[in-house]
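Comments concern the structure below.
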Number of protein chains: 2
Amino acid sequence: MQNFDLYTPARILFGKGEEKRIGELLKPHASKVLLHYGSGSIKKSGLYDTVTASLKESGISFAELGGVKPNPRLSLVHEGIALCKKENVDLILAVGGGSTIDSAKAIAMGVYYDGDIWEVYEQGKPVEKALPVATVLTIPAAGSESSGDSVITNEEKQLKFGYGSPLIRPLLSVMDPELFFTLPKNQLANGVADMMSHVFERYFTNTTHTDLTDGLCEVTLKTLMKNAPIALDDPQNYDAWAELGFSGTVAHNGLVGMGREQDWACHGMEHELSAIYDVAHGAGLAVLTPGWMQYVYKDNINMFVQFAVNVMGVEGSYRDPDAIVQEGIARLRTFFKRMGLPGTLAELGIGEDRLEEMAKKATGAAFGEESPLGGFKKLYWQDVLAIYKLVK
Amino acid sequence: MQNFDLYTPARILFGKGEEKRIGELLKPHASKVLLHYGSGSIKKSGLYDTVTASLKESGISFAELGGVKPNPRLSLVHEGIALCKKENVDLILAVGGGSTIDSAKAIAMGVYYDGDIWEVYEQGKPVEKALPVATVLTIPAAGSESSGDSVITNEEKQLKFGYGSPLIRPLLSVMDPELFFTLPKNQLANGVADMMSHVFERYFTNTTHTDLTDGLCEVTLKTLMKNAPIALDDPQNYDAWAELGFSGTVAHNGLVGMGREQDWACHGMEHELSAIYDVAHGAGLAVLTPGWMQYVYKDNINMFVQFAVNVMGVEGSYRDPDAIVQEGIARLRTFFKRMGLPGTLAELGIGEDRLEEMAKKATGAAFGEESPLGGFKKLYWQDVLAIYKLVK
């Protein structure tokens with residue numbers, strides 16, 4: 001086990017009706033908030049009314065900024081920063097999914113950052129201060145409701161970069177599984193692929209003596225894979241959505257990766273797909289992950305035998321570990337297919353013409369400074385290209 | 001799954017040498033601390049020198065108060081409160097195990113409490129403010145390094161009561177497994193029994209649809225049971241101690257019990273043993289837990305079948321669930337015996353003369369207001385007495 005620093009301060013208010021308490025929960029922390037949201041589906045669902053009524057009841061005033069899109073845009077972040085400064089906002093309340101929360105985090109840092117906040121994402125410049133962020137989660141997927149991460153897309157440059165800091169871990173997040181009942185099936189499926197990937201990126205490691213976190217990862221993956229098809233077939237199944245939501249937070253608040261060298265190659269490879277083709281992050285991950293597994297597993301086959309046996313339930317002759325691993329990967333592909341997720345880049349509408357460009361961007365080779373992806377196996381641009389081609 | 005409020009703010013700095021950073025870690029939060037510790041073993045081990053050197057290097061001054069005993073005493077808490085007020089301390093640094101940390105938490109509340117802090121423990125009076133507490137953990141056991149709980153013994157009254165509040169969750173805790181290498185074997189064994197009990201108290205429930213936390217509990221228990229005998233036989237095994245330490249935090253920071261009705265009867269029954277006979281908490285739990293299981297399992301046998309199969313590895317004919325459960329309980333007794341833990345009250349030096357008195361104190365019947373123990377099965381004083389007799 002490696003040394004680690006575990007810090008999971010985001011308070012999670014979980015369960016039916018908790019969103020009605022948002023005003024009371026924020027009252028000790030804010031007198032004016034920026035209400036940040038996406039397409040306006042929260043107005044149709046009534047959530048907007050619930051949240052604003054609760055704020056008013058607690059005497060909290062608010063400015064608002066909707067219009068966050070999937071792969072949240074830098075331009076809206078700029079708009080939010082200006083609005084917060086003008087309105088003297090002291091907390092940002094994101095009501096939505098990962099994109100809305102990530103956008104809120106960028107705004108929260110931008111209010112105090114002296115310069116264009118994009119520098120922080122592109123160049124990793126340090127941030128000293130940020131407004132507090134709270135969330136009401138409407139899509140279990142990104143884990144942004146408890147994580148200290150934010151990913152923003154610069155639409156002009158076709159670049160997507162992430163930034164992490166303890167300063168942007170949300171103060172608190174409300175998670176009511178009933179809010180998930182109306183999600184389209186593809187958003188459920190994309191979300192599950194994203195949550196599973198958050199565990200995979202931490203699970204596949206060469207670090208040894210990681211009994212506890214091995215188990216925590218495996219349990220989280222199995223809980224997701226058990227409950228996702230239930231929610232897919234029965235969208236009003238509270239218990240299944242509750243397991244998915246809770247698992248999504250545990251998958252990405254940091255705990256299950258403590259003391260382990262982590263990987264994160266699939267996320268790096270996927271960001272290129274989203275940046276250029278604007279595909280859903282989870283759908284991109286569902287395509288790339290089995291290909292990545294196929295490409296890297298021989299570097300530490302025992303890790304993948306453990307995955308196949310403990311997560312995918314493969315049994316058989318351990319004298320043929322390749323066969324165990326292949327069956328594990330095949331079952332993962334079958335699961336993604338069962339969820340309606342794509343299995344190839346072609347299904348995402350991505351052709352072969354820009355694969356090399358994306359591979360070079362993913363590793364930084366395109367910018368003259370190659371920094372290979374992956375903690376489990378180092379991937380240079382040629383490796384990334386090979387993986388893209390494996391799943392074309 | 002029930003609604004829940006997850007709040008785990010304690011930052012955990014984990015690994016070799018982390019205690020050398022304590023001054024740097026506390027610097028943003030304190031200029032004068034109370035250094036609180038136990039028997040003085042930290043002076044022999046050199047930890048006292050390491051910690052005080054680090055404080056000095058960071059320009060943090062300190063007052064100190066040693067002498068915390070297992071089942072920490074109210075009298076020393078009173079002394080600590082007076083000292084903090086006199087010295088204008090702004091943070092309490094507990095260097096020790098659960099007793100030292102619990103004592104520190106009581107002092108932290110007492111500094112601001114208007115009245116005798118014992119009222120808070122005995123009558124559950126609310127606390128509005130507390131000094132921050134940080135810890136350097138020397139015994140993985142109580143989980144107090146991340147929990148919001150404190151248990152104090154009033155030695156005059158022979159009473160032991162606990163109190164819980166988010167205000168006393170430590171700000172940060174340092175956990176270096178190397179500090180555990182010199183622990184006596186009985187302290188390791190007691191600690192493991194305590195950590196397992198923290199999971200058991202949350203695991204055994206009648207709440208359904210708790211896939212994720214079922215799994216988190218099972219993984220934590222299995223990690224403890226795998227690594228405890230390794231550390232027992234090889235006290236310098238870093239990896240085994242690392243798993244035990246990390247598991248102890250996960251067992252008691254709240255996460256694994258979220259959304260579940262919890263039990264806590266064994267803790268309630270054990271506190272009477274410790275209060276009157278001053279036995280080690282973990283040793284008392286090791287005696288009581290299998291007896292409790294035997295007494296309650298038929299109320300929800302499926303929960304205990306799951307325990308026997310998923311935790312204790314029992315296989316066989318599910319058409320005879322009683323046999324599965326009995327084998328599970330027998331394996332738990334075997335494990336405790338392997339760790340050198342007692343199996344009966346007699347082995348703890350506890351006779352039969354005060355069992356009824358303890359049973360009546362445990363449920364409050366002795367004070368005229370009986371409040372049965374246990375969320376899994378309600379236990380009145382007659383039930384508690386029956387369990388004490390089962391393990392006499």
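Order of the sequence lines fixes the chain letters, A, B, ..., with proteins taken first and strands second; residue numbering starts at 1 for each chain.
- For A:F336, the ring-ring contact (aromatic ring centres under 6.0 Å, His included) test picks out no residue, with sequence neighbours left out.
- The aromatic rings of A:F4 and B:F246 are tilted relative to each other, their planes meeting at an angle between 30° and 60°.
- Neither the backbone nor the side chain of B:L224 comes within contact range of chain A, judged by heavy atoms closer than 4.5 Å.
- Of the listed residues A:V219, A:L255, A:L13, the one with more heavy-atom pairs under 4.5 angstrom with chain B than any other is A:V219.
- Contact of B:A240 with chain A is not made at all, since no heavy-atom distance falls under 4.5 Å.
- Among A:L6, A:L172, A:V250, the residue making the largest number of heavy-atom pairs under 4.5 Å with chain B is A:L6.
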Can you check whether chain A and chain B share any donor-acceptor pairs under 3.5 Å, and give the atom names and distances if they do?
unit_1	atom_1	unit_2	atom_2	d
B:N3	OD1	A:K16	N	3.1
B:N3	ND2	A:K16	O	3.1
B:N3	ND2	A:E18	OE2	3.3
B:F4	N	A:F14	O	2.8
B:F4	O	A:F14	N	2.7
B:D5	OD1	A:R11	NE	2.9
B:D5	OD2	A:R11	NE	3.2
B:D5	OD2	A:R11	NH2	2.6
B:L6	N	A:I12	O	2.9
B:L6	O	A:I12	N	2.9
B:T8	O	A:T8	OG1	3.1
B:T8	OG1	A:T8	O	3.2
B:T8	OG1	A:T8	OG1	2.9
B:R11	NE	A:D5	OD1	2.9
B:R11	NE	A:D5	OD2	3.2
B:R11	NH2	A:D5	OD2	2.6
B:I12	N	A:L6	O	2.8
B:I12	O	A:L6	N	2.9
B:F14	N	A:F4	O	2.7
B:F14	O	A:F4	N	2.8
B:K16	N	A:N3	OD1	3.1
B:K16	O	A:N3	ND2	3.1
B:E18	OE2	A:N3	ND2	3.3
B:H209	NE2	A:D239	OD2	3.4
B:T210	N	A:E243	OE2	3.4
B:D211	N	A:E243	OE2	2.7
B:D211	OD1	A:K226	NZ	3.0
B:D211	OD2	A:K226	NZ	3.2
B:D211	OD2	A:N227	ND2	3.0
B:L212	N	A:E243	OE1	2.9
B:K226	NZ	A:D211	OD1	3.0
B:K226	NZ	A:D211	OD2	3.2
B:N227	ND2	A:D211	OD2	2.9
B:D239	OD2	A:H209	NE2	3.4
B:E243	OE1	A:L212	N	2.9
B:E243	OE2	A:T210	N	3.4
B:E243	OE2	A:D211	N	2.7

